[in-house]
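Report on one structure; see the data block that follows.
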Amino acid sequence: MAVLKKSQSNKAVIKLKIPADKSLISLVRLVISAQLREKPIEDEIIDDIKLVVSELLAKAIEKSLVTGFLSLELFLNVKQVEITISGLKEIKLDNLFDSPYLNISAIETLVDSLNSTNNGLGFSIIITKKFGEQYGD
Amino acid sequence: MEIKKYDDLPIIYAEGEIDHWQAPQLEQSINEVIDEGYHRIIIDFDNLTYIDSGGISILFLGLQKIKALKGQLIVITNNENIIKILNLVNITRQSEFSLCSSFVDARKKYLKE
(Lines give C-alpha, C1' and ligand atoms only; values in the text may rest on other atoms or scores of the structure.)
Protein backbone atom coordinates (compact mmCIF):
# COMPACT_ATOMS: atom_id res chain seq x y z
CA MET A 1 0.00 0.00 0.00
CA ALA A 2 1.60 3.27 -1.10
CA VAL A 3 0.80 6.57 0.63
CA LEU A 4 1.90 9.96 -0.56
CA LYS A 5 0.94 13.07 1.30
CA LYS A 6 1.58 16.68 0.52
CA SER A 7 0.04 19.87 1.90
CA GLN A 8 -0.73 23.19 0.41
CA SER A 9 -2.40 26.06 2.14
CA ASN A 10 -6.00 25.21 2.92
CA LYS A 11 -5.74 21.94 1.01
CA ALA A 12 -4.36 18.58 2.04
CA VAL A 13 -3.96 15.61 -0.22
CA ILE A 14 -3.46 11.99 0.57
CA LYS A 15 -2.97 9.50 -2.18
CA LEU A 16 -3.37 5.81 -1.47
CA LYS A 17 -2.94 2.84 -3.73
CA ILE A 18 -4.04 -0.60 -2.65
CA PRO A 19 -4.37 -3.91 -4.42
CA ALA A 20 -7.82 -5.49 -4.66
CA ASP A 21 -7.69 -7.06 -1.21
CA LYS A 22 -10.59 -6.65 1.25
CA SER A 23 -8.30 -7.14 4.22
CA LEU A 24 -6.65 -3.79 3.42
CA ILE A 25 -9.85 -1.73 3.56
CA SER A 26 -9.51 -1.38 7.34
CA LEU A 27 -6.14 0.29 6.77
CA VAL A 28 -7.78 2.75 4.39
CA ARG A 29 -10.27 3.62 7.14
CA LEU A 30 -7.38 4.12 9.55
CA VAL A 31 -5.61 6.50 7.19
CA ILE A 32 -8.80 8.48 6.49
CA SER A 33 -9.53 8.68 10.23
CA ALA A 34 -6.02 9.79 11.07
CA GLN A 35 -6.03 12.50 8.42
CA LEU A 36 -9.50 13.88 9.16
CA ARG A 37 -9.08 13.81 12.94
CA GLU A 38 -6.21 16.29 12.58
CA LYS A 39 -8.87 18.83 11.59
CA PRO A 40 -11.93 19.99 13.53
CA ILE A 41 -14.29 17.65 11.69
CA GLU A 42 -17.14 16.08 13.58
CA ASP A 43 -16.84 12.36 14.40
CA GLU A 44 -20.15 11.64 12.68
CA ILE A 45 -18.84 13.15 9.45
CA ILE A 46 -15.71 11.02 9.62
CA ASP A 47 -17.75 7.87 10.37
CA ASP A 48 -20.02 8.52 7.37
CA ILE A 49 -17.07 8.99 5.05
CA LYS A 50 -15.37 5.84 6.30
CA LEU A 51 -18.51 3.81 5.75
CA VAL A 52 -19.16 5.04 2.21
CA VAL A 53 -15.53 4.62 1.15
CA SER A 54 -15.35 1.14 2.69
CA GLU A 55 -18.59 0.04 1.03
CA LEU A 56 -17.38 1.33 -2.32
CA LEU A 57 -14.02 -0.44 -2.06
CA ALA A 58 -15.54 -3.70 -0.80
CA LYS A 59 -18.17 -3.79 -3.52
CA ALA A 60 -15.64 -2.91 -6.23
CA ILE A 61 -13.45 -5.81 -5.13
CA GLU A 62 -16.40 -8.20 -4.77
CA LYS A 63 -17.58 -7.42 -8.28
CA SER A 64 -14.08 -7.70 -9.77
CA LEU A 65 -14.18 -4.11 -10.98
CA VAL A 66 -10.59 -3.28 -10.09
CA THR A 67 -8.18 -2.68 -12.95
CA GLY A 68 -4.79 -3.12 -11.32
CA PHE A 69 -4.71 -1.07 -8.13
CA LEU A 70 -7.43 0.93 -6.42
CA SER A 71 -6.40 4.54 -6.13
CA LEU A 72 -7.84 6.93 -3.54
CA GLU A 73 -7.18 10.66 -3.32
CA LEU A 74 -8.44 12.73 -0.41
CA PHE A 75 -8.79 16.49 -0.74
CA LEU A 76 -9.67 18.82 2.10
CA ASN A 77 -10.72 22.38 1.56
CA VAL A 78 -12.24 24.84 3.99
CA LYS A 79 -15.57 23.14 4.49
CA GLN A 80 -15.53 19.97 2.42
CA VAL A 81 -13.88 16.60 2.12
CA GLU A 82 -13.62 15.22 -1.38
CA ILE A 83 -12.50 11.68 -2.09
CA THR A 84 -11.86 10.37 -5.58
CA ILE A 85 -11.56 6.65 -6.13
CA SER A 86 -10.24 5.36 -9.43
CA GLY A 87 -8.78 2.19 -10.87
CA LEU A 88 -12.26 0.80 -11.53
CA LYS A 89 -14.16 -0.49 -14.49
CA GLU A 90 -17.16 1.66 -15.29
CA ILE A 91 -20.35 0.78 -13.45
CA LYS A 92 -23.61 2.50 -12.57
CA LEU A 93 -23.59 3.55 -8.94
CA ASP A 94 -26.84 1.78 -8.11
CA ASN A 95 -25.33 -1.43 -9.49
CA LEU A 96 -22.23 -0.92 -7.38
CA PHE A 97 -24.06 -0.20 -4.14
CA ASP A 98 -26.46 -3.10 -4.54
CA SER A 99 -26.53 -4.43 -0.99
CA PRO A 100 -30.19 -4.92 -0.01
CA TYR A 101 -29.33 -3.29 3.33
CA LEU A 102 -26.99 -0.44 2.33
CA ASN A 103 -28.16 0.37 -1.17
CA ILE A 104 -27.53 3.57 -3.12
CA SER A 105 -30.43 5.38 -1.44
CA ALA A 106 -29.05 4.64 2.02
CA ILE A 107 -25.49 5.50 0.98
CA GLU A 108 -26.58 8.84 -0.50
CA THR A 109 -28.02 9.92 2.86
CA LEU A 110 -24.52 9.72 4.33
CA VAL A 111 -22.75 12.04 1.89
CA ASP A 112 -23.49 15.35 0.16
CA SER A 113 -22.75 14.05 -3.29
CA LEU A 114 -21.77 10.81 -4.95
CA ASN A 115 -20.89 11.04 -8.62
CA SER A 116 -18.99 9.14 -11.24
CA THR A 117 -16.92 10.44 -14.09
CA ASN A 118 -15.09 9.04 -17.06
CA ASN A 119 -12.89 11.72 -18.55
CA GLY A 120 -10.75 9.63 -20.84
CA LEU A 121 -8.23 8.97 -18.06
CA GLY A 122 -10.45 6.27 -16.65
CA PHE A 123 -13.54 5.83 -14.54
CA SER A 124 -13.66 7.48 -11.11
CA ILE A 125 -16.13 7.91 -8.31
CA ILE A 126 -16.15 11.15 -6.34
CA ILE A 127 -17.55 11.44 -2.84
CA THR A 128 -18.03 14.80 -1.16
CA LYS A 129 -19.03 15.56 2.39
CA LYS A 130 -19.31 19.00 3.93
CA PHE A 131 -18.39 19.75 7.49
CA GLY A 132 -19.35 22.65 9.68
CA GLU A 133 -16.12 23.87 11.26
CA GLN A 134 -13.59 26.11 9.54
CA TYR A 135 -9.99 25.15 9.86
CA GLY A 136 -6.68 26.47 8.79
CA ASP A 137 -3.39 24.83 8.08
CA MET B 1 -15.03 -12.59 18.71
CA GLU B 2 -15.81 -14.27 22.02
CA ILE B 3 -18.84 -16.15 23.22
CA LYS B 4 -19.35 -16.12 26.96
CA LYS B 5 -22.10 -17.36 29.20
CA TYR B 6 -23.41 -15.02 31.84
CA ASP B 7 -26.22 -16.31 34.03
CA ASP B 8 -26.42 -19.11 31.49
CA LEU B 9 -27.18 -16.57 28.74
CA PRO B 10 -24.95 -16.83 25.68
CA ILE B 11 -23.42 -13.49 24.76
CA ILE B 12 -21.39 -12.83 21.65
CA TYR B 13 -18.83 -10.10 22.30
CA ALA B 14 -17.75 -8.20 19.20
CA GLU B 15 -15.02 -5.59 19.40
CA GLY B 16 -13.41 -3.21 16.97
CA GLU B 17 -14.76 -3.47 13.45
CA ILE B 18 -16.95 -5.87 11.52
CA ASP B 19 -16.56 -5.34 7.80
CA HIS B 20 -16.72 -7.59 4.75
CA TRP B 21 -13.42 -9.19 5.75
CA GLN B 22 -14.29 -9.88 9.39
CA ALA B 23 -18.01 -10.65 8.95
CA PRO B 24 -17.49 -14.44 8.72
CA GLN B 25 -16.36 -14.45 12.36
CA LEU B 26 -19.70 -12.99 13.42
CA GLU B 27 -21.53 -15.53 11.27
CA GLN B 28 -19.56 -18.35 12.86
CA SER B 29 -20.37 -17.11 16.36
CA ILE B 30 -24.09 -16.73 15.66
CA ASN B 31 -24.23 -20.20 14.11
CA GLU B 32 -22.37 -21.66 17.06
CA VAL B 33 -24.90 -20.27 19.53
CA ILE B 34 -27.85 -21.46 17.43
CA ASP B 35 -26.26 -24.91 17.06
CA GLU B 36 -26.01 -25.12 20.83
CA GLY B 37 -29.78 -24.91 20.91
CA TYR B 38 -30.31 -21.25 21.82
CA HIS B 39 -32.91 -19.35 19.83
CA ARG B 40 -32.44 -16.11 21.68
CA ILE B 41 -29.08 -14.46 21.11
CA ILE B 42 -27.45 -11.48 22.76
CA ILE B 43 -24.69 -9.70 20.84
CA ASP B 44 -22.67 -7.10 22.71
CA PHE B 45 -21.65 -4.36 20.29
CA ASP B 46 -20.70 -1.90 23.01
CA ASN B 47 -17.04 -2.05 22.02
CA LEU B 48 -17.76 -2.15 18.31
CA THR B 49 -16.69 1.00 16.47
CA TYR B 50 -17.61 0.12 12.88
CA ILE B 51 -19.99 -2.06 10.93
CA ASP B 52 -20.90 -2.08 7.24
CA SER B 53 -23.02 -4.17 4.90
CA GLY B 54 -20.66 -7.11 5.45
CA GLY B 55 -21.61 -7.29 9.10
CA ILE B 56 -25.19 -6.11 8.58
CA SER B 57 -25.90 -8.90 6.10
CA ILE B 58 -24.73 -11.43 8.70
CA LEU B 59 -27.06 -9.89 11.28
CA PHE B 60 -29.99 -10.19 8.86
CA LEU B 61 -29.03 -13.77 8.02
CA GLY B 62 -28.90 -14.58 11.70
CA LEU B 63 -32.24 -12.86 12.19
CA GLN B 64 -33.80 -15.05 9.48
CA LYS B 65 -32.65 -18.19 11.28
CA ILE B 66 -33.86 -16.81 14.60
CA LYS B 67 -37.25 -15.92 13.11
CA ALA B 68 -37.65 -19.50 11.95
CA LEU B 69 -36.97 -20.61 15.52
CA LYS B 70 -39.37 -17.99 16.86
CA GLY B 71 -36.47 -16.47 18.75
CA GLN B 72 -34.99 -13.04 19.39
CA LEU B 73 -31.83 -11.20 18.45
CA ILE B 74 -30.79 -8.69 21.08
CA VAL B 75 -27.98 -6.23 20.44
CA ILE B 76 -26.35 -4.17 23.18
CA THR B 77 -24.71 -0.90 22.19
CA ASN B 78 -24.48 2.74 23.15
CA ASN B 79 -22.32 3.68 20.18
CA GLU B 80 -24.21 6.37 18.28
CA ASN B 81 -22.64 5.48 14.95
CA ILE B 82 -23.56 1.80 15.27
CA ILE B 83 -27.11 2.73 16.32
CA LYS B 84 -27.37 5.08 13.35
CA ILE B 85 -26.39 2.32 10.92
CA LEU B 86 -28.72 -0.24 12.51
CA ASN B 87 -31.57 2.27 12.13
CA LEU B 88 -30.51 3.15 8.57
CA VAL B 89 -30.78 -0.47 7.44
CA ASN B 90 -34.12 -0.85 9.30
CA ILE B 91 -33.08 -3.89 11.29
CA THR B 92 -34.37 -2.10 14.38
CA ARG B 93 -37.87 -2.30 12.89
CA GLN B 94 -37.82 -6.08 12.80
CA SER B 95 -40.03 -7.51 15.54
CA GLU B 96 -37.48 -10.21 16.41
CA PHE B 97 -34.75 -7.59 16.90
CA SER B 98 -34.16 -5.58 20.06
CA LEU B 99 -31.66 -2.84 20.77
CA CYS B 100 -30.62 -2.45 24.38
CA SER B 101 -28.24 -0.10 26.12
CA SER B 102 -27.02 -2.49 28.80
CA PHE B 103 -26.70 -6.13 29.70
CA VAL B 104 -29.32 -5.62 32.43
CA ASP B 105 -31.88 -4.48 29.84
CA ALA B 106 -30.84 -7.21 27.43
CA ARG B 107 -31.23 -9.84 30.12
CA LYS B 108 -34.71 -8.56 31.01
CA LYS B 109 -35.64 -8.72 27.33
CA TYR B 110 -34.17 -12.19 27.00
CA LEU B 111 -36.00 -13.59 30.01
CA LYS B 112 -39.27 -11.85 29.25
CA GLU B 113 -39.81 -13.47 25.83
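Numbers restart at 1 for each chain; the letters A, B, ... are given by sequence-line order, proteins then strands. Computed from a predicted model, the values in this text were never measured in an experiment.
Listed options I25(A), D43(A), D48(A), T109(A) were ranked by heavy-atom pairs under 4.5 angstrom with chain B; first place goes to D48(A). The choice from I85(B), T49(B), L88(B) that makes the most heavy-atom pairs within less than 4.5 Å of chain A is L88(B).
Between F60(B) and Y101(A), the ring planes are parallel. Angles under 30° get that label, and only those over 60° would be called perpendicular.
Among pairs with a residue in residues 23-35 of chain B, those fulfilling side-chain hydrogen bond (donor to acceptor under 3.5 Å, both in side chains) read N31(B)-K65(B), at least two apart in sequence or across chains.
With a threshold of 4.5 angstrom between heavy atoms, S23(A) approaches chain B through its backbone and through its side chain. Only the backbone of I51(B) comes within less than 4.5 Å of a heavy atom of chain A; no side-chain atom from C-beta onward does. Heavy atoms closer than 4.5 Å to chain B are found in the side chain of L110(A), but not in its backbone.
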Checking salt bridge (Lys or Arg N to Asp or Glu O under 4.0 Å) for the pair K70(B)/E96(B): CA distance, chi angles, key distance, verdict? CA-CA 8 Å; K70(B) 295 186 172 35; E96(B) 293 82 6; over 6 Å; no

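Screening I104(A), L114(A), L88(A), I91(A) against L96(A) for a side-chain contact (heavy atoms from CB on, under 4.5 Å) leaves a single residue, I91(A).
Side-chain atoms of S124(A) and T84(A) form no donor-acceptor pair, as typed in the model, at a separation below 3.5 Å.
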